[in-house]
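Below is one structure; the comments refer to it alone.
No hydrogens, no waters, no symmetry mates; every other heavy atom, side chains included, goes into these values.
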Amino acid sequence: MSADADALRQRLVPAADYRAHLNGPEFVSNWFTVDQDMIDAFAHATHDHQFIHVDPVRAKAETPFGGTIAHGFLTLSLLSALAYDVLPGVEHTRMGVNYGFETVRFIQPVKCGARVRGRFQLVGLTERAVSIQSTWKTSVEVEGAAKPALTAEWITLAMLEPPTA
């Protein structure tokens with residue numbers, strides 16, 4: 001078992017304890033560095049090779065950013081890793097899936113080499129027999145910046161083991 005899987009297993013809580021987080025304090029992840037290798041890999045995976053992301057020399061010369069920046073969608077996709085670092089899970093979850101977003105706003109770019117972290121607050125909860133839908137008020141902060149890189153209302157779904165008779 002990986003260290004990440006073990007860490008998540010230690011954060012599994014009964015559904016009643018999970019419910020208690022509704023409108024409670026924020027969960028804050030560890031810092032995570034966004035480097036050029038990550039940006040390049042994302043560009044390759046998404047076929048988005050715009051120079052502001054993949055050409056440090058040109059980005060420094062032709063943009064106000066002083067170098068390359070992460071794709072907005074790369075920053076958005078980091079929510080999963082940042083959440084995995086800090087959020088509790090519900091016992092008896094067999095898998096978690098992204099359900100969607102109500103809002104996403106890209107406030108400022110993430111410059112290559114910047115460190116980011118996630119802030120998450122549980123603001124909505126819908127329970128069904130075999131799932132728990134959670135709505136998270138989220139932001140991705142950039143270390144040393146006054147504004148977050150993005151804000152979003154993120155909806156996740158924990159698929160639960162079927163109840164036993």
Less than 4.0 Å between a side-chain N and a carboxylate O, is that true for K147 and E141?
-> no
Neighbour count >12 (heavy atoms, 6.0 Å) for atom [atom1], [X]:
X	atom1	value
H44	NE2	no
F51	CZ	yes
E26	CD	yes

Point-to-point distance, once rounded to the nearest 0.5 Å, from [atom1] of [X] to [atom2] of [Y]:
X	Y	atom1	atom2	result
W154	F101	CH2	CZ	6.5 Å
L78	D85	CG	CG	12.0 Å
I132	L160	CD1	CG	5.0 Å
I39	K111	CD1	NZ	12.5 Å
S80	N98	OG	CG	4.5 Å
R105	E153	CZ	CD	11.0 Å

Short side-chain to backbone donor-acceptor contact, [X] and [Y], under 3.5 Å:
X	Y	result
T63	F65	yes
T68	I52	no
R117	L82	no
T93	V90	yes
Q133	E127	no
Q36	H53	yes
T138	A152	yes

Do [X] and [Y] land in one hydrophobic cluster if side-chain heavy atoms of ILVMFWY residues count as linked below 4.5 Å?
X	Y	value
F73	M38	yes
M95	L79	no
L87	I155	no
I69	L150	no

Heavy-atom pair of closest approach, residues V110 and A114 = CG1-CB, 4.0 Å
Check L22 against G124 and note the closest heavy-atom contact, atom names and distance.
-> CD1-N, 3.4 Å
With the side chain counted from C-beta on, respond yes when [X] and [Y] share a heavy-atom pair under 4.5 Å apart, and no when they do not.
X	Y	answer
Y99	T135	no
L157	R128	yes
E143	W31	yes
P148	V140	no
T156	W136	yes
V86	N30	no
I107	T151	yes

Relative to each other, are the rings of Y18 and H21 parallel, tilted or perpendicular (30° and 60° limits)?
-> perpendicular
On the 0 to 90° scale, with breaks at 30° and 60°, tag the F42-H71 ring pair as parallel, tilted or perpendicular.
-> tilted
